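Values below: every heavy atom of this structure, side chains too, minus hydrogens, waters and symmetry copies. Predicted model only: the values in this text are computed from it and were never measured.
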Amino acid sequence: QVQLVESGGGLVQPGGSLRLSCAASGTIFSITVMRWYRQAPGNQRESVATITSDGRRNYADSVKGRFTISRDNAKNTVDLQMNSLKPEDTAVYYCNADIRSDYYVNYVNYWGQGTQVTVSS
């Protein structure tokens, strides 16, 4: 079975930085797109950043220039470097990925359990 496990959340002051990490484990043949989502209380879950297996990146307008997504294909990990954090970045951040466990099966979308990021003075 495949698991995504996030780490790196916490409490940070406005203007500060945090780095989130997500590691995929289990039976993995290949991973295409890896993503970070977030969900604030009372809000819908929203896409924050996306990275393909060949390194193409996309960001939500609200985080462009402040957040950077990166991945290590050899280690099956994806990181989110968050700088210049604002109170409105407060949310639970989720890792998401499309993973194939074998050459002969389709890609399956997986979610991590989430990690809390709180930006407050």
- Item | Minimum-distance pair of heavy atoms, taken over all atoms of Lys86 and Val119 | O-CB, 3.2 Å
- Task: Would you give the length of the straight line joining atom CD of Gln81 to atom OG of Ser21, rounded to the nearest 0.5 angstrom?
- Result: 9.5 Å
- Message: Are there over 12 heavy-atom neighbours, none belonging to Gln3, within less than 6.0 Å of that residue's CD?
- Response: no
- Message: Taking the cut-offs as 6.0 angstrom to the six-membered ring centre and 45 degrees off its axis, would you call Arg45 and Tyr94 a cation-pi pair?
- Response: yes
- Scanning both residues in full, the closest heavy-atom pair of Tyr59 with Ile69 reads OH-N, 3.0 Å
- Mind checking the OG-CG spacing from Ser53 to Asn73? Nearest 0.5 Å is all I need. 6.5 Å
- Task: Kindly determine whether Ile28 and Val2 satisfy side chain to side chain contact (heavy atoms under 4.5 Å, CB included), including the steps that lead there.
- Result: CA-CA 7 Å; Ile28 297 171; Val2 173; 4.3 Å; yes
- State, with a plain yes or no, whether a side-chain heavy atom of Pro87 is found less than 4.5 Å away from one of Ser120. no
- Reported OG-to-OH distance for the pair Ser101 and Tyr110, which is rounded to 0.5 angstrom: 5.5 Å
- Task: Report yes or no: does Gln116 contribute a side-chain atom to a donor-acceptor pair with the main-chain N or O of Gly10 at less than 3.5 Å?
- Result: no
- Task: Calculate, to the nearest 0.5 Å, the distance between atoms OG1 and CZ belonging to Thr68 and Arg66 respectively.
- Result: 11.0 Å
- Stepwise side chain to side chain contact (heavy atoms under 4.5 Å, CB included) check, Tyr93 with Met82: CA-CA 11 Å; Tyr93 283 70; Met82 305 185 293; 3.9 Å; yes
- Message: Looking at every heavy atom in both Ala74 and Asp72, which two are closest together, and how far apart are they?
- Response: N-OD1, 3.0 Å
- Item | Hphob cluster co-occupancy, Leu80 + Val33, side-chain heavy atoms under 4.5 angstrom | no
- Query: Do the non-hydrogen side-chain atoms of Arg57 and Thr50 ever get within less than 4.5 Å of each other?
  - Reply: no
- Could you check if a side-chain atom of Gln44 sits within less than 4.5 angstrom of a side-chain atom of Gln39, using non-hydrogen atoms only? no
- Message: Tell me if the CG atom of Asn106 is crowded by more than 12 foreign heavy atoms within 6.0 Å.
- Response: no
- Carefully, step by step, assess Arg35 and Asn109 under the rule side chain to side chain contact (heavy atoms under 4.5 Å, CB included). CA-CA 11 Å; Arg35 310 169 184 89; Asn109 186 256; 3.5 Å; yes
- Under 4.5 Å between any side-chain heavy atoms of Asn83 and Phe67, yes or no? no
- Ionic contact status for Arg71 with Asp79, cut-off 4.0 Å: no
- Task: Taking Arg56 for its side chain and Asp54 for its backbone only, find out whether a donor-acceptor pair lies under 3.5 Å.
- Result: no
- From OG (Ser70) to CE (Met34), nearest 0.5 Å: 10.0 Å
- Indicate the atoms forming the closest heavy-atom contact of Gly9 with Leu20, along with that distance. N-CD2, 3.6 Å
- Would you say the side chain of Thr52 lies within less than 4.5 Å of the side chain of Thr32, judging by non-hydrogen atoms? no
- Contact summary for Val78 and Cys95, nearest pair of heavy atoms: CG1-SG, 3.7 Å
- Task: Check for a donor-acceptor pair, side chain of Asn96 on one end and backbone N or O of Gly112 on the other, with a separation under 3.5 Å.
- Result: no
- Message: Rounded at 0.5 Å granularity, tell me how far OG in Ser121 sits from CG in Leu11.
- Response: 9.5 Å
- Item | same_hphob_cluster(Tyr37, Ile51) at 4.5 Å side-chain heavy-atom cutoff | no
- Message: Please give me the minimum heavy-atom distance between Ser17 and Ser84, naming the atom from each residue.
- Response: OG-N, 4.4 Å
- Over 12 non-hydrogen atoms of neighbours within 6.0 angstrom of CD in Glu88: yes
- Item | Close side-chain approach of Leu18 and Val117, heavy atoms under 4.5 Å | yes
- Beyond-backbone contact of Arg38 with Ser62, side-chain heavy atoms, under 4.5 angstrom: yes
